[in-house]
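Computed over heavy atoms, backbone and side chain alike; hydrogens, waters and symmetry mates excluded. Whatever order the structure lists them in is the order used to number ligands and atoms, beginning at 1.
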Amino acid sequence: MARKIPRPFVLGLVAGAATAVFAYACRTTGPKGVLDGDVASRVYVAPGEHDEFYAFLSGGFSGQVTVYGLPSGRLLKVVPVFSQHAENGWGYSEETKPMLETSFGFVPWDDAHHPQLSKTNGVADGRWLFINANNTPRIARISLETFETEEIIEIPQSAGNHASPFVTPNSEYVVASTRFSVPVPQRDISVADYKAAFKGTISFIRANVPGQMDIAFQLVVPGYNYDLAHAGKGPSYGWAFFTTYNTEQANTLLEINASQRDKDFVAAVNWRRAEECVAQGRGRDVPVTYAHNYMGETRVARSELKRGVRVLEPADCDGVIYYLPTPKSPHGVDVDPSGEYIVAGGKLATVIPVHSFSKMLAAIEAKDFEGEADGIPVLRYDAVLAGEVQNPGLGPLHTEFDGKGYAYTSAFLSSEIVKWKLGTWEVVDRIPTYYSIGHLMIPGGDSEKPWGKYVIALNKITKDRYLPTGPELVHAAQLIDISGERMRLLLDFPTLGEPHYAQALPADLIKDKVVRVYDIQRNRNPYATLSEADARVERTGGTVHVYMTAIRSHFSPDIIEGIRVGDTVKFHVTNLEQDWDVPHGFAAMGVQNAELLIMPGETKTLTWVPKQPGVYPFYCTDFCSALHQEMQGYVRVSPAGANVVLTSNGAGQSRVLASGGGR
Ligand code: RUQ
Ligand code: CUA
């Protein structure tokens, strides 16, 4: 969600809703300092105690995921996903570089938006977390045993992978849809041909088996902007819902040109029907290329290019997709725990429209259409509407549920959370947020059984909430108590990048299965050195492999000679420790990438092409023991063509398997 608000819209609002804006403005001189009553004790987690919930926040334009404890708001970990992470060598080490491969080659950054926990029977099951890359369309799977990214799949024929990666109730699929329609197939064509040649795609990606993520099928849809999604559940299991905007199909100045129509659509996709059509051979295979990257058992990532995707046209599969008219430029779409209500957040709407799934089915049955859009039936608004929430705040975006019959909607422009009742649609409470809330998140709040208790406001702007830090300020989360009738602000905490969306689950669901060390007996890295007796160096032409071990508090070998300028040196460092929380680091002077942070039992590889003769130290970067500062060594680099013999003081046999190199 951009911070800029279309000018005509702002003017309209100021004129039309001045009273409302003033009313909000009075309220936004909100709490500073002391809050009421026992607020501090509600978020206080005593030293040594654990939080009740794990919360996973999108790192936005950092490309990563952050893990916080709730209610304390303590940052527990940054999980690198789509961006190189010098802190631990993610995307720099040879074992992890393939994770960032795409059909465009190596892509070291992306913009992550929506974390999604895997689900079983519609409830988060603590197996994995998925998250999308918005810029170069991809979806990642993070293991909740290791808290590491273990798989990434690229989405072909997509651009701006924003409506992604929302999971179906048993994680059969994660969905992905194009925010930016593009020529399908991609080709050299004028943007003036937008309406004729630009398409959207809605992809269903099989997600339930690690290592086997793949595009099951893609639906080609009209060239609108597909913004967000949520899967149906309960009675609506088998369906998925996507918001669209820019049904005007504008391709320039969208702030005005895509805000013309009173209503855009929620697209309702019957994925069970799509499966049938695909099984009947109604799809066609399109020759596209996309990357699939997997870490797997060896913990050495592999990247493969897949070819071909099964594409389905709505015209070849009747009943697969319907459009539900939805005011106005909708953003979020959220399905309530019962699966009956589909709530859309119209950025420019004055109400929150709530569609009824059962009415939708009846309207489909009765062919109660108000027309067609590119051959896709458009259902009549009144025929599918369950109700409208009046006075919902300005710029409603996203809705989450507490499982007790209430919905909570974020309002970006009026910076507040609005609580309303499902069924009566009346607003029962509202609380200001600081400032410009985007998503909000209740633990389990998009599932069939919300855990409730808190809502987190994920705010785009912090302004005066913290000490100033130059022009750039952090984004922020605010923890709000929803256990009572009235919402109550408990805590502010800063976030990394832009915390678009988040997910949370009770810590008990995962904390006991979290991996503490990698079993060295199961280390399958082909360059592992499993004992100090094998520590050695080997030359194969211009490449020197250093088989190195690390254990408190030394490297073996710690003296290496016979490297020449122009060689490619690969430091394969195996951490021999088998104790929790004893990583070792590795860095060498002049190395042009990053450090390695090697977990117990793991092997990681850093590549170095030395440029100048000299003797260079390397050392452990992670304070691992009282004698951590002693954990160091030297590499001697001789000029190209020098005849210094390759040696090391490792106990293993250093060898020249093929001479040459060093030019
Ligand atoms: S967005 S503020 Cu999910 Cu990227 Cu709504
Ligand atoms: Cu090993 Cu410090």
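Near H331, the atoms of ligand 1 lying under 4.0 angstrom from a non-hydrogen atom of the residue are 1 (S), 2 (S), 5 (Cu). Interface of K460 with ligand 1, defined as ligand atoms under 4.0 Å from a residue heavy atom, comprises 2 (S). Each of the atoms 2 (S) of ligand 1 lies under 4.0 Å from some heavy atom of G438. Each of the following atoms of ligand 1 lies closer than 4.0 Å to a heavy atom of H500: 1 (S), 4 (Cu). Close approach of ligand 1 to L228 (heavy-atom distance below 4.0 Å) involves ligand atoms 3 (Cu).
Between H398 and H439, the distance from one ring center to the other falls under 6.0 angstrom.
Distances from atom 1 (Cu) of ligand 2 to each N, O or S atom of H584 single out ND1 as the nearest. Here the N, O or S atom of H628 that is nearest to atom 2 (Cu) of ligand 2 is ND1. The atom name of the N/O/S atom in D622 closest to atom 2 (Cu) of ligand 2 is O.
When distances to atom 4 (Cu) of ligand 1 are checked against a cut-off of 2.8 Å, H114 contributes no N, O or S atom below that limit. Distance check for M631 against atom 1 (Cu) of ligand 2: an N/O/S atom falls below 2.8 Å. When distances to atom 4 (Cu) of ligand 1 are checked against a cut-off of 2.8 Å, H162 contributes an N, O or S atom below that limit.
Between the SG atom of C620 and the SG atom of C624, the angle centred on atom 1 (Cu) of ligand 2 amounts to 120° when rounded to 10°.
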Could you walk me through whether N459 and Y434 pass the side chain to side chain donor-acceptor pair (under 3.5 Å) test, one step at a time?
CA-CA 7 Å; N459 303 327; Y434 308 91; over 6 Å; no
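In terms of heavy atoms, A594 sits closest to L606 at O-CD2, 3.4 Å.
Within the 4.0 Å heavy-atom criterion, neither part of N134 lies near ligand 1.
The distance from the CD atom of E595 to the NE2 atom of H584 is 13.0 Å, given to the nearest 0.5 Å.
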